[in-house]
Amino acid sequence: MGLGANNVDADARPGGSELLTSNDRVALLRYLLLMRAVEGKGLALYKQGKVPGSFYDGRGQEAISVGATFALGPGDPVCPLIRDMGAHLVKGTSVEAIFGQYLGRAEGVSGGREGNIHFGERRLGVLGMVSMLPDMMVVATGLAMGFKLRGEERCAVSFFGDGATSVGDWHEAMNWAGVYRLPVIFILENNGWAYSTPTNKQYAVPPLERARGYGVEARSVDGNDVEAVFEATHDARLAALRGDGPTLIECRTMRMHGHGAHDDMSYVPTELVEEWSSRDPIDRYSKRLRRDLELDVDSLRTEISETVAEAAEAALAMPMPDPEEATSGVFCEDQSGATLGLGEAPWSGFSASEVQQAAA
Amino acid sequence: MGLGANNVDADARPGGSELLTSNDRVALLRYLLLMRAVEGKGLALYKQGKVPGSFYDGRGQEAISVGATFALGPGDPVCPLIRDMGAHLVKGTSVEAIFGQYLGRAEGVSGGREGNIHFGERRLGVLGMVSMLPDMMVVATGLAMGFKLRGEERCAVSFFGDGATSVGDWHEAMNWAGVYRLPVIFILENNGWAYSTPTNKQYAVPPLERARGYGVEARSVDGNDVEAVFEATHDARLAALRGDGPTLIECRTMRMHGHGAHDDMSYVPTELVEEWSSRDPIDRYSKRLRRDLELDVDSLRTEISETVAEAAEAALAMPMPDPEEATSGVFCEDQSGATLGLGEAPWSGFSASEVQQAAA
Amino acid sequence: MSELTYLEAISDALRLEMRTDPSVVLMGEDVAGFGGAFKVTSGFLNEFGEDRVIDTPISEEAIVGTAVGMGISGLRPVCEFQFADFVACGFDQLVNVAGKLHYRLGLAAPITIRLPTGGGFAGGPFHSQNPEAWLMHAPGIKVVAPSSPADAKGLLTSAIRDPNPVVFCEHKHLYRRTKGPVEEESYATPFTARRVRQGDDLAIFTYGAMVEAATEAVESLEGASIEILDLRSLVPLDVDAIVETAGRCSKVLIVDEANGTCAAGAQVASLIAEHCFEQLDGPIRRIAAPDVPIPFSPPLEAAVLPGVERIREAARDLLDY
Amino acid sequence: MSELTYLEAISDALRLEMRTDPSVVLMGEDVAGFGGAFKVTSGFLNEFGEDRVIDTPISEEAIVGTAVGMGISGLRPVCEFQFADFVACGFDQLVNVAGKLHYRLGLAAPITIRLPTGGGFAGGPFHSQNPEAWLMHAPGIKVVAPSSPADAKGLLTSAIRDPNPVVFCEHKHLYRRTKGPVEEESYATPFTARRVRQGDDLAIFTYGAMVEAATEAVESLEGASIEILDLRSLVPLDVDAIVETAGRCSKVLIVDEANGTCAAGAQVASLIAEHCFEQLDGPIRRIAAPDVPIPFSPPLEAAVLPGVERIREAARDLLDY
Ligand SMILES: Cc1ncc(C[n+]2csc(CCOP(=O)(O)OP(=O)(O)O)c2C)c(N)n1
Ligand SMILES: Cc1ncc(C[n+]2csc(CCOP(=O)(O)OP(=O)(O)O)c2C)c(N)n1
Ligand SMILES: [Mg+2]
Ligand SMILES: [Mg+2]
């Protein structure tokens with residue numbers, strides 16, 4: 001069993017983060033629902049044979065990418081992985097363009113060059129991942145190094161899984177971030193499994209315990225509690241901007257689908273799946289907002305599923321990319337058109353709260 | 001300054017290791033002196049322009065490779081690095097062949113294929129290093145994996161420096177050794193510098209503190225005390241053979257020459273060099289054996305320098321390799337002639353003591 | 001003889017070698033309980049136990065480097081990479097440790113690295129690469145790339161028995177699509193080229209998935225006598241067969257699925273240009289992927305990967321030359 | 001004009017770019033206080049301070065990968081590897097992250113990786129490699145390899161200004177041995193080939209340290225009209241100049257210092273064999289190192305590395321053909 005250490009005390013936290021307004025909370029739930037709806041629809045399209053290649057999703061882990069990205073400023077770039085659709089959504093990537101991406105269309109985020117979740121809308125400060133794990137941790141470290149050297153008040157965020165901690169690049173990124181005390185946040189999605197491999201075959205000692213050996217602050221949170229993830233990231237961000245260096249946040253969670261759509265995860269004991277079903281991050285947060293805000297979650301859900309259905313329809317109508325375009329752009333001709341954007345995310349946690357307060 | 005953590009309390013240990021007989025002790029000193037004499041002569045030849053390429057030595061660090069290798073059984077392979085001539089000597093590599101190696105001769109250990117200290121006498125269980133640091137830690141881990149799977153009572157040893165700890169391969173080796181609880185010993189020669197880079201630019205937290213994060217036992221010893229190194233390695237070896245898994249031994253020391261012969265190490269503060277001069281491992285051990293065994297160190301020294309001078313002369317008379325041989329042997333044709341030996345080292349610490357006791 | 005898929009033939013070779021030689025062990029990510037990302041080692045854990053079918057951490061450098069150590073210690077590790085693309089993650093141990101070991105130290109590293117290569121199924125930039133040329137340019141590593149189930153079995157058997165590091169490029173697109181007769185017993189296929197089709201007017205040199213494409217391409221070219229040489233082994237490269245065939249046919253087409261620059265095909269072209277000058281009756285034509293990452297979307301991928309149509313056209317041009 | 005060594009010309013380019021563009025930063029192992037393993041950046045720390053001349057941990061993957069991040073964030077990092085051989089240790093970030101970035105995401109990675117390449121001074125198997133072909137086979141990475149001080153300066157300036165990852169192969173054997181006139185101001189040399197010597201009977205294509213060897217080799221061949229084209233840029237490769245020259249001279253010799261299989265020279269040969277068939281009057285000859293690790297001992301190394309004598313003989317053979 002890879003999950004010995006993952007004791008999540010469901011709904012133990014009482015009031016949630018004090019930083020969040022009611023509007024923030026509704027937005028969080030909206031992104032959670034949106035991520036699940038987008039991926040659910042994507043999977044359905046995949047099963048209908050409309051999505052080429054393979055299909056990966058982050059079912060059960062939505063609170064992590066949503067909560068963490070929500071805590072960032074618009075200028076803080078993120079490097080999401082395959083379970084992190086929420087990061088794209090919070091940063092403002094268009095849902096239509098995401099379906100276009102799944103379907104390999106010309107108007108998909110990457111214009112059909114990249115598949116499934118390997119994309120990133122650079123104008124929004126999202127760096128698309130490479131498959132090689134966890135290479136993007138190193139790139140995020142470099143972004144943070146750039147921010148520090150240029151004296152910019154920004155931080156970079158990279159997500160990674162328990163399995164990715166075994167790769168040499170993980171070590172080089174952690175060490176580098178610690179030596180230069182960089183404004184970078186590493187978010188470990190510890191779902192207990194790397195494909196079929198449980199964590200006890202991946203490491204003898206949990207990575208959380210390794211972090212301080214690099215001069216990287218570390219904490220562990222319930223990854224199925226969106227506000228806990230939000231708050232931990234928010235704190236880590238402030239530390240980063242203050243010059244206090246990097247933080248690793250372990251989010252304890254469970255991958256509720258197989259590694260990809262082809263994987264029935266028969267290697268996972270059913271009790272484990274059942275146990276984690278009862279801690280579903282969306283159910284939990286819906287319950288809370290129903291109770292605390294008297295939110296009509298069902299109509300929110302309906303609204304979102306309509307948006308998603310429409311977006312999928314629109315994407316299905318997009319043209320496939322022009323084969324003539326297949327070989328262009330290997331090299332950059334004009335750098336001015338190829339820079340990372342400063343982000344346009346309408347939401348960015350605490351800063352958003354401030355903006356709202358000012359606007360109120 | 002990279003050496004904050006390296007407080008060596010010179011000669012603090014009173015009696016030394018109880019496992020060693022007087023003969024063992026004389027042998028240890030002999031290897032220490034031999035290493036220094038071989039490298040000193042090599043450097044002189046280099047300065048005379050007789051050694052092609054570059055020149056590296058382990059001056060000031062002799063106690064580490066000598067002490068550690070002395071603790072091994074003949075069947076325990078070692079992977080020495082550029083500061084570890086002692087490992088070759090203790091394992092029984094011929095001094096003549098080492099000079100032949102320096103000089104690039106046909107009868108040098110590698111027949112002129114490899115330079116300076118990049119060699120290994122496979123029949124003696126010595127694996128020649130590659131430059132890429134610390135790749136040999138991974139190979140040693142694989143040897144240990146082989147021993148474990150084959151049920152052999154052997155362990156593998158790899159040396160590495162403080163600088164090498166930053167490389168991804170370090171992490172992959174440590175993690176792997178911890179996950180499979182392998183009989184492997186990692187010997188960190190922490191001399192405070194990686195070329196010109198002090199440890200505070202290499203890591204934020206000393207690697208010793210990282211080891212337990214991998215399930216690797218760790219301890220730190222005075223690397224200039226040959227018996228302390230011996231004893232720590234001896235213990236680690238017994239643990240390995242018992243199935244208790246890997247150990248990292250930090251040996252605190254100082255590189256008393258530049259990175260290579262071309263490096264005047266002007267970046268090292270003079271006081272630091274002076275401080276460490278007073279802790280010279282050979283002076284200290286000579287003093288001790290003069291006192292405890294009334295050993296005539298001077299005549300031992302003379303004897304060794306004669307041996308070394310003769311070996312160097314013999315090597316200078318060796319032919320250069322035949323250019324016709326330059327392209328043979330890229331591939332192995334006959335595996336039976338290309339296996340790792342089980343070692344013929346006359347000395348191997350505790351086992352040697354036992355052998356001696358039996359013989360006595 | 002039984003009819004096996006390419007994938008089954010690979011499994012078969014592994015299974016038979018493991019049954020006869022107790023020093024053969026498998027390792028890689030998810031190869032044990034899960035049976036490998038492509039299920040090549042499905043059932044192996046049950047038959048051979050967890051000492052011989054080993055799930056590893058995600059550590060490509062360590063997979064190669066520990067395999068070298070295990071190889072030296074008397075085992076014959078067969079390592080699976082989940083995709084050939086990850087060879088870049090274990091590159092240093094492969095080219096610097098494994099490849100140079102015997103030349104430098106006289107030690108054998110009897111290891112096999114299985115790389116699922118190639119595109120054609122919308123795998124995108126990181127699941128479609130054909131990295132064999134990188135390894136051809138690294139001394140001391142043998143590289144083979146079968147195109148048929150029979151060769152997959154025989155070449156893998158030889159790879160496992162070889163005392164050197166052998167990279168075994170198994171093309172993912174052939175795994176389940178390609179079936180063929182395979183002898184039931186164990187057999188070792190030599191690392192030489194194989195004539196797939198005999199002819200005199202034009203020689204096509206290729207390997208891996210492109211052998212099928214070339215075969216299909218020329219079938220419709222009536223009246224032409226076209227030879228296809230499946231290189232099969234890229235290191236060692238069967239120079240004699242290449243020179244003989246090119247010289248005899250006088251016209252040459254070389255097809256690579258990999259990015260073209262410095263690909264295997266460039267090496268074959270340079271050999272022929274050097275050794276067959278007097279016999280050539282036309283330019284040496286090459287077809288390969290352009291130098292771009294392999295895109296995901298099917299029309300883009302199809303525009304990039306060499307296929308039947310491009311091969312047929314080039315063959316026709318050359319015949320008309 | 002001043003007379004600079006190849007090494008001084010490299011330093012000069014770095015210094016001038018750092019003076020004019022504050023976004024240029026240097027990083028690598030021992031580049032700051034020590035001034036780099038070969039002293040290329042000696043004095044830079046004093047002039048530019050430790051925010052712009054950065055000693056790094058020993059982490060080649062991280063050097064490349066953080067450079068990509070820094071490049072995206074608005075800097076222009078120039079990274080030094082202590083030896084080109086260590087490129088295998090940073091290979092994944094280079095080929096998978098840096099090389100594919102613009103094609104996949106439309107993001108520029110304006111980074112330069114300086115690789116001290118080549119042999120000739122008893123550096124042995126790990127300090128003598130010429131890995132450029134590996135990178136030529138990786139889409140999205142430019143590769144340049146100057147042979148003279150003037151080109152070293154101009155090509156490095158262009159590399160730093162280029163919005164793409166550029167690998168700059170600086171040949172260690174030229175560092176202090178090769179001197180030449182270099183303009184004092186800053187200038188950017190285009191990534192094209194350069195005609196070193198004009199001729200009509202035979203064309204020699206080469207780059208890096210082999211340009212000097214080829215020049216010396218042909219000087220004693222009286223009466224022959226031999227052209228030497230210094231490729232200078234391997235990606236992009238100056239196909240027009242190659243085809244024009246080969247076609248005009250009709251005989252071709254290609255010289256690589258790297259291991260021969262799938263080397264840059266193989267690519268050049270395959271281009272010529274495809275595009276100059278009708279103009280060729282002889283086989284395309286290649287000279288390169290055999291596929292072995294580069295041995296340490298001088299007689300062995302000399303037997304392996306291409307040199308003046310082998311080039312002269314091959315040129316003579318071709319002229320007589
Ligand atoms: C360097 C590398 N090797 C192998 C793979 C193949 N692979 C893709 S995902 C995966 C498991 C990842 O597990 P984890 O990091 O825990 O992430 P999770 O899927 O659980 O979110 C593997 C082995 C890879 N992507 N990168
Ligand atoms: C992967 C890698 N990068 C760079 C180098 C170049 N290099 C050789 S020795 C050295 C410093 C090593 O320092 P350390 O590990 O502390 O060993 P020490 O020399 O102090 O014994 C460097 C950077 C290398 N050998 N390997
Ligand atoms: Mg996981
Ligand atoms: Mg050191």
Side-chain angles (χ1 to χ4, degrees), chain B residues 77 79 109-111 113-114 118-123 126-132 135-152 154 156 158 167-169 171-180 182 184 327-340, chain C residues 22-23 25 27 49-52 54-77 79 89-111 138-142 161-166 191 235-236:
Chain B
C79 305
V109 185
S110 72
R113 291 184 166 195
E114 268 289 10
H118 285 244
F119 64 89
E121 185 64 275
R122 64 174 176 77
R123 289 171 206 82
V126 188
L127 248 82
M129 62 177 281
V130 301
S131 280
M132 290 70 201
D135 285 10
M136 301 311 293
M137 273 178 74
V138 182
V139 178
T141 303
L143 286 167
M145 185 115 172
F147 301 155
K148 182 165 179 172
L149 292 173
R150 290 161 58 92
E152 296 178 338
R154 300 164 73 184
S158 176
V167 186
D169 282 59
H171 174 72
E172 296 196 9
M174 291 287 287
N175 186 53
W176 193 288
V179 167
Y180 298 104
L182 297 178
V184 60
T327 54
S328 66
V330 174
F331 290 108
C332 175
E333 306 294 335
D334 174 11
Q335 196 176 332
S336 65
T339 53
L340 195 70
Chain C
S23 68
V25 297
M27 56 191 217
E50 61 181 18
D51 274 2
R52 294 186 66 199
I54 304 167
D55 274 339
T56 69
I58 307 179
S59 299
E60 278 75 10
E61 272 284 282
I63 290 173
V64 178
T66 58
V68 170
M70 291 161 74
I72 294 172
S73 83
L75 299 174
R76 305 186 90 79
C79 307
C89 306
F91 202 66
D92 170 43
Q93 287 281 349
L94 194 48
V95 304
N96 285 318
V97 177
K100 299 182 172 72
L101 193 71
H102 190 262
Y103 183 79
R104 296 170 54 240
L105 308 176
L107 271 167
I111 68 174
I141 300 170
K142 296 190 179 179
R161 295 179 189 172
D162 200 286
N164 295 285
V166 183
F191 289 174
V235 178

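Each chain gets a letter, A, B and so on, in the order its sequence line appears, and its residues count up from 1.
- C:Glu61 and C:Asp92 make their closest contact through OE2-N, 3.2 Å (heavy atoms, listed as atom of the first residue, atom of the second, distance).
- Of all non-hydrogen atoms in B:Cys332 and C:Pro163, the two that sit nearest each other are O-CG, 3.4 Å.
- Of the listed residues (C:Ile58, C:Val25, C:Thr56, C:Val68), the greatest number of heavy-atom pairs within a distance under 4.5 Å of chain B belongs to C:Thr56.
- Within the 4.5 angstrom heavy-atom criterion, only backbone atoms of B:Ser328 (N, CA, C, O) approach chain C.
- Side-chain atoms of B:Glu172 do not come within 3.5 Å of backbone N or O of B:Val138 as any donor-acceptor pair.
- We find the CD-CE distance between C:Gln93 and B:Met132 to be 10.5 Å, quoted to the nearest 0.5 Å.
- C:Ile63 and C:Pro57 make their closest contact through CD1-O, 4.3 Å (heavy atoms, listed as atom of the first residue, atom of the second, distance).
- With chain C as the partner, the residue from B:Val130, B:Asp334, B:Asp135 showing the most heavy-atom pairs under 4.5 Å is B:Asp135.
- With a 4.5 Å cut-off on non-hydrogen atoms, C:Asn164 touches chain B through its side chain but not through its backbone.
- Interface residue B:Met129: only backbone heavy atoms are found under 4.5 Å from chain C.
- Ranked by heavy-atom pairs under 4.5 Å with chain B, the list C:Ser23, C:Pro22, C:Gly74 is led by C:Gly74.
- For the options B:Trp176, B:Phe119, B:Tyr180, B:Phe147, heavy-atom pairs under 4.5 Å to chain C are most numerous at B:Trp176.
- A distance-only check finds no donor-acceptor pair linking the side chain of C:His102 to the backbone of C:Ala109 [under 3.5 Å].
- Only the side chain of C:Val235 comes within contact range of chain B, with at least one heavy atom under 4.5 Å from a heavy atom of that chain.
- Both the backbone and the side chain of C:Lys142 have a heavy atom closer than 4.5 Å to some heavy atom of chain B.
- Ranked by heavy-atom pairs under 4.5 Å with chain C, the first of B:Leu149, B:Asn175, B:Thr141 is B:Leu149.
- For chain B, the option among C:Leu101, C:Val97, C:Val64, C:Asp162 with the highest count of heavy-atom pairs below 4.5 Å is C:Val97.
- One distance of note links CG of C:Leu107 with CZ of B:Arg122; it measures 6.0 Å at 0.5 Å rounding.
- Side-chain atoms of B:Arg113 never come within 3.5 Å of backbone atoms of C:Leu105 as a donor-acceptor pair (strictly under, hydrogens ignored).
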